[in-house]
Amino acid sequence: MEGGVGPGGYTCHVYMPCIVTVMSLGHTLLGLLEDHPSHGYDIKRVYDERFGHDRPLHYGQVYATLSRLLKNGLVEVDAVEAGDGPERKRYSITEAGVTDVGAWLARPESPEPYLQSTLYTKVVLALLTGRAAADILDTQRGEHLRLMRELTRRKLDGDLADQLVCDHALFHLEADLRWLELTSARLDELAVAVRR
Amino acid sequence: MTADTLLKAEGIHKSFGSTPALSGASLSITAGELVAVMGPSGSGKSTLLHCLAGILRPEQGSIDYQGLELTTSADSRLSALRRSDFGFLFQFGQLVPELSCLENVALPLRLNGMRRRPAEERAAEWLERTDVADLAAKRPGEISGGQGQRVGVARALVTQPKVVFADEPTGALDSLNGERVMRLLAGAARDSGTAVVLVTHESRVAAYADREVVVRDGRTRDLTAAI
Ligand SMILES: Nc1ncnc2c1ncn2[C@@H]1O[C@H](COP(=O)(O)OP(=O)(O)OP(=O)(O)O)[C@@H](O)[C@H]1O
Ligand SMILES: [Mg+2]
């Protein structure tokens, strides 16, 4: 993923890994273990490949999560190689772990309120102080589209996984843009309301 | 006017009766670039597109296409120009219902005087390119909207035009089919150095372009350049 900070935190760099980090890392690792038993370092490698993009997990995160899953009886150690240290253990998922992954997958995520609160504040302040609120919205609109063009280029060059991840961000940016357009169309109304 | 400016419209005014549709719109396009035209419904996007393509004649302003002033050119000159240099893609309805898809794609070449055989051969290549070769013998009424738009892309590009004018080409399609049409249109246009003027109200579609121009109350605003 490319870097660079965009509007509302929707960067290729920050936003996409959020898809995974917002959801539970524990459930993700459990799901990978359900696929097949692994050592901690293998789990990390597979996770990074599939979901990490350029934001790899820290070993510390992996082992902390695994030991929590172990304590909760969701995974067990099914083989220990000679030597010591956490990297010698091979983890497998338990019955309870499988149930937990199933329940998590079946549960819908609560829709995030992507309200552009900063922008709203700026627009209201601009109206209150007699500045051009339309320009603020237009500037933001330009910035949103710039990022959308970047994501679209990325999508066209990428594989199916890149496409899906980019599309997710694109649909969210589109929703923001619709809000910008609607607000833009309602500025006169808003100006009256703000001054009331 | 820079060396590679292809089409340049300045200060365009166009009214329908007492309704002003454009009141001082400007837009310039360089060779091979994709420009998205956005803006609220009724703001004048289609009117601008039609003026740029020499379909509508504005009351005021100038439109320079490679040294030719479109606003004062004869109708016959304009329709010849549209056939030779421009391609068109609309939301729907650009295919002739009585003709097969192959004949539809061959039609712009036939109108430019190409013989049937070579025209249909080239049309077949384009249908292949837009992934609808299997529909060659079908009539437009027998295919889906998404397939129809892919045939439309082939038809718009078959003459290797300098500019394609596309008005809401994905407006009637779902996301997946819209993506397919945009990929084809943008990809083929870039490959052949064709400029595209793309009117759309969907930002995900506009994101295929190199820049966007917003029309509001009959006036244009180039956000990419302004910032
Ligand atoms: N042939 C016509 N006769 C009369 N008025 C027209 C005609 N074409 C357009 N108009 C008017 O000109 C204005 C601009 O219309 P235009 O079709 O260019 O808008 P648009 O931006 O393309 O809108 P939309 O997003 O809904 O397609 C509108 O007020 C419209 O009613
Ligand atoms: Mg229109």
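Chain letters run A, B, ... following the sequence lines, proteins first and then strands; every chain starts at 1.
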Under a 4.0 Å N-O cut-off, is there an ion pair linking A:Lys155 with B:Glu179?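 Yes, A:Lys155 and B:Glu179 are salt-bridged.
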
Side chain proximity check, [X] to [Y], heavy atoms < 4.5 angstrom:
X	Y	result
A:Met148	B:Ser203	yes
A:Ser184	B:Arg216	yes
A:Leu145	B:Met38	yes

Flag yes if more than 12 heavy atoms outside [X] fall under 6.0 Å of its [atom1] atom; otherwise flag no.
X	atom1	result
A:Glu189	CD	no
A:Asp188	CG	no
B:Glu128	CD	no
B:Lys162	NZ	no

Who are the side chain to side chain contact (heavy atoms under 4.5 Å, CB included) partners of B:Asp134, not counting sequence neighbours?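 Per chain and number, B:Asp134 pairs via side chain to side chain contact (heavy atoms under 4.5 Å, CB included) with no residue.
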
Enter the distance from B:Met182:CE to A:Leu156:CG here, rounded to the nearest 0.5 Å.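 Interatomic distance, B:Met182 CE to A:Leu156 CG, rounded to 0.5 Å: 9.5 Å.
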
What is the distance from atom CZ of A:Arg149 to atom CG of B:Leu34, rounded to the nearest 0.5 Å?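 Rounded to the nearest 0.5 Å, the CZ-CG separation comes to 11.0 Å.
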
Run the numbers on A:Arg141 and B:Glu212 for salt bridge (Lys or Arg N to Asp or Glu O under 4.0 Å), then give the verdict. CA-CA 10 Å; A:Arg141 183 199 163 83; B:Glu212 65 154 346; 3.2 Å; yes

Region of A:Glu181 that comes under 4.5 Å of a non-hydrogen atom in chain B: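 A:Glu181 touches chain B through side-chain heavy atoms alone.
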
I would like to know whether A:Asp135 and B:Arg221 meet salt bridge (Lys or Arg N to Asp or Glu O under 4.0 Å); could you show each step before the answer? CA-CA 11 Å; A:Asp135 286 353; B:Arg221 184 150 187 210; 3.3 Å; yes

Where on B:Ala209 is there a heavy atom nearer than 4.5 Å to chain A: the side chain, the backbone, both, or neither?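 Only the backbone of B:Ala209 comes within 4.5 Å of chain A.
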
